[in-house]
> 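Structure incoming, see below.
Note that ligands are numbered from 1 as they come in the structure, with each ligand's atoms numbered from 1 the same way. Below, each value reflects all heavy atoms present in this structure, side chains not excepted, and no hydrogens, waters or symmetry copies. Since we're looking at a predicted model, the values are computed, not measured.
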Amino acid sequence: MTLPSQAAVVVIGGGIIGCSTAYHLARDHKVDVVLLEQGKLTSGSTWHAAGLVGQLRSSASITRVLKYSVDLYKGLEAETGLATGWKMTGCLRLATNADRWTEYKRLATTAKSFGMDMHLLSPAEVKAMWPLMETGDLVGASWLPTDGQASPSDITQSLAKGARMHGAKLYEDVRVTGFEMKGDRITAVKTNQGDIACYKVVNCGGQWARQVGAMAGINVPLQPVKHQYIITEKIAGLATDAPTLRDPDRRTYFKEEVGGLVMGGYEPNPQAWTTGDVPNDWEFRLFDDDYDHFEQHMVQAIARVPALETVGVKQMINGPESFTPDGNFILGVAPECANMFVGAGFNAFGIASGGGAGWVLAQWVVDGEAPLDLWVVDIRRFSNLHRDRHWVCERTLEAYGKHYTIGFPHEEYASGRPRIVSPLYERLKQQRAVFGSKLGWERPNWFAPESVEPKDVYSMGRQNWFAAVGDEHRHVREHVGIFDQSSFAKYELSGPDAAKALDWICANDVSKPVGRLTYTQLLNTRGGIEADLTVSRLAEEKFYIVTGTGFRTHDASWISDHIGEGLDARLTDVTEDFGTLSLMGPRARDVLSAVTGSDVSNASFPFGHIREIVIAGHTVRALRVTYVGELGWELHVPIAATGEVFDALMAAGRKHDIRPVGYRALESLRLEKGYRAWGSDITPNDTPLEAGLGWAVKLRKNTDFVGRRALETVGGASLKKRFAGFTVDDPEIVLLGRETILRDGEPVGYLTSGGHGYTVGKNIGYGYVRSADGVSDDFLASGSYELVVAMQRTPANIHLEPLYDPAMERVKA
Ligand SMILES: Cc1cc2nc3c(=O)[nH]c(=O)nc-3n(C[C@H](O)[C@H](O)[C@H](O)COP(=O)(O)OP(=O)(O)OC[C@H]3O[C@@H](n4cnc5c(N)ncnc54)[C@H](O)[C@@H]3O)c2cc1C
């Protein structure tokens, strides 16, 4: 065998993900692709997967990806002649308590929102479908008829054959040993059989993806964990088309296989494999059976399916699978290397994801841009924190342990905390702050009054912080609050061509005079929103960019990647250089003017400006901007001075009744004001025109920018979807997002965010109303609306203006 000396794209790894990616690169894009596998195809994690294929996830895009997998597996045999073992058995999920049942009602609504029919069944109906099951403890079950099961190795071989049929070259027994690099680009892949020059590399190395990435300097934060299941002998009375079964309250899953059962589970005490390198010679290998550890699943499974007590166990599978710190897989182009793409970390749903992941990854490789909103799986959701293997391991094991626990709204992870704290951490803790964590940062979510224990108590209805957050909210509307937003990601873009670079990158006009601040989106070539941030001009050749905590890596790499060829502009991440205190509320100016000699009157410091002012002897960047709809400033303080500046503001604010306020109140305030949140309300799937943000796009200026052409193309036609607000009066309703929007009884979309507005005294949701014939003002206004919340219809009112505009309220008063 002689390897080719060059290829357009080299895919590393012959598991289901690598084969699917190679197949799609060859089939859809006619790319000259070479796949390299160190052992035999499927010999990593793929061959020993159980083969359950579920589709529903909480992200619409990821659900679409999984649905694509099913469609592909259904039809692949017709194309390649190799069967995939796909069986549409449907999937039952069992509920044994009220919270789980509420979770399923919400899940069924989400399914409907995403165009899937999930039903809720009674215990008797479940028993009729799966007679061997004990149903005495059931409240009911959810039923998704289009889920099923498949044979992991067969799918992979079928994809591999399809890839070859479309011209891909697949090589077994070739190990990638390193990369030849030029700057941050790979120029050639080195193997134990020679080098291959290439333009792009796709790292589908499964549990080895971390070490394959490390050879090119990139971080793939995954952790191999041991995962076990058993395969039993034949069980009398078990139908060959029995639905797959998930019994999360007993932490177990089941699948029919040649007349017996596959049974496995997700234990609360998972066993990590190595935090070091995975051995290369792990072809078709398993760990020793560990019945002691598996016993916990056995006990639960026998209680559910008593036949398991007597049936023989044919085989135990104890194999490694890559899990990640947030339970989502890892896709996309690595921020540290311009041409290495990753598809790894599949958290035991790589078979379910394989078809779709290969489809979107191939498109991403070819276009250099994700074809849809893949933020929840984007490799740029991680940061340097995720280079810490021990932290990643600890958090990953927590996520694994939660795989089947009830997903309560607003739930926070507990492990690896506190990790990154702002200088105000101890002060705020003293004030009874209850913290959440975002990209490793501890951030105050709310402050507990003396009568309430400072900790979250999760439930499916109103949680224990509801009233306290209401007090914080009202305080900002009526007095003044101070938010610790030090975790904001902050960058400086400097250089003679900085303005020119931003002209191209930003949808809004940010090339304003020094001292101006602009809110802008960054768009992809489809006109979709890739980022949402503020840009302030500090000097002719220097801009200050502020974005959300979680978007730090993503936004930085988006900006860096889009600085035009040959331009002299450099992006520096200055996140840790500044603490951020947001002083918000009608009394904000009174407080600020008491601590600074600078004139902070509206005339000399209007909205949309940035000034350097001195507070407590420290030079502070003051940004006149708001996310709550009140008068306010973001104060960006040299990090070491954050405590002193905070103390000065608190002291001066005493007579204005200042108090610290947390992120949950911030969310409620922004919902009332109608500010969009990136990642939920506005995503790469949505254009600013659809999102009602056309006012922040410089279409009238004669400047080209990324996404302009796409917006111009759609600009003339009527929009097929438009962002709108909704209110629900019923105080018992809890809106969380993904609830279905009905217009005149017909589904037209779903909520992208939901919560409660304490000033308006209503539940608030936002979402896109869709219509293939176009969504005009008239269409929006003429409908009669309802929301489906946990399977219940509730009347709703539509709003196209902010629900609460403080300026207007004061004018009215
Ligand atoms: C016990 C168990 C049960 C599971 N059950 C299910 C299930 O029911 N449903 C489901 O959807 N998923 C399930 N999974 C998960 C599923 O098996 C994985 O998510 C999936 O197989 C991952 O595929 P992959 O292609 O990413 O990785 P792999 O199959 O591991 O492929 C990666 C390949 O890369 C190759 N490679 C690595 N380094 C190099 C190198 N340097 N040079 C060349 N080649 C290299 C490896 O040899 C390997 O073959 C289960 C997993 C386990 C462990």
> Select the closest option to atom 11 (O) of ligand 1 among Ile351, Val278, Thr191, judged by heavy-atom distance.
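Comparing heavy atoms across Ile351, Val278, Thr191, the nearest one to atom 11 (O) of ligand 1 lies in Ile351.
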> With a 4.5 Å heavy-atom cut-off, do Thr191 and Leu36 have their side chains touching?
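Yes - at least one pair of side-chain heavy atoms lies under 4.5 Å apart.
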> Less than 3.5 Å between some nitrogen or oxygen of Leu52 and one of ligand 1, yes or no?
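Min N/O separation from ligand 1 is below 3.5 Å for Leu52.
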> Taking only non-hydrogen atoms of Pro320, do any sit less than 4.0 angstrom from ligand 1?
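Yes, Pro320 has heavy atoms under 4.0 Å from ligand 1.
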> Heavy atom to atom 17 (O) of ligand 1, shortest distance: which of Ala49, Ala357, Ser153, Gly13 holds it?
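Looking at heavy atoms only, Ala49 sits closest to atom 17 (O) of ligand 1.
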> Going by ring-ring contact (aromatic ring centres under 6.0 Å, His included), name the residues that satisfy it together with His403, two or more places apart in sequence or in a different chain.
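His403 satisfies ring-ring contact (aromatic ring centres under 6.0 Å, His included) with Tyr266 once adjacent residues are dropped.
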> Would you say Val174 touches ligand 1, if touching means a heavy atom closer than 4.0 Å?
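Val174: in contact with ligand 1 (<4.0 Å).
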> Among all protein heavy atoms, pick out the one at the shortest distance from atom 30 (O) of ligand 1; state its residue, atom name and that distance to 0.1 Å.
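Ranking protein heavy atoms by distance from atom 30 (O) of ligand 1, first comes Ser45 N, 2.8 Å.
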> What protein heavy atom sits nearest atom 7 (C) of ligand 1, and how far off is it?
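So the nearest neighbour among protein heavy atoms is Gly51 N, 3.4 Å.
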> Among residues two or more places apart or on two chains, list those pairs meeting ring pair (Phe, Tyr, Trp, His ring centres under 6.0 Å) that have a residue in residues 168-194.
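Listed once each, the pairs would be none.
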> Taking the minimum heavy-atom distance to atom 22 (C) of ligand 1, which of Val10, Thr46, Asp281, Val176 ranks first?
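Considering heavy atoms of Val10, Thr46, Asp281, Val176, the nearest to atom 22 (C) of ligand 1 sits in Thr46.
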> To which protein heavy atom is atom 48 (C) of ligand 1 closest, and what is the distance rounded to 0.1 Å?
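Residue, atom and distance for the closest contact: Glu37 OE1, 3.4 Å.
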> Does at least one non-hydrogen atom of Ala348 fall below 4.0 angstrom from an atom of ligand 1?
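Yes.
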> Identify the closest protein heavy atom to atom 43 (C) of ligand 1: which residue and atom is it, and at what distance?
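Closest protein heavy atom to atom 43 (C) of ligand 1: Gln38 N, 3.2 Å.
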> Give a yes or no on whether Lys40 atom NZ has more than 12 heavy-atom contacts from other residues, nucleotides or ligands under 6.0 Å away.
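Yes, enclosed.
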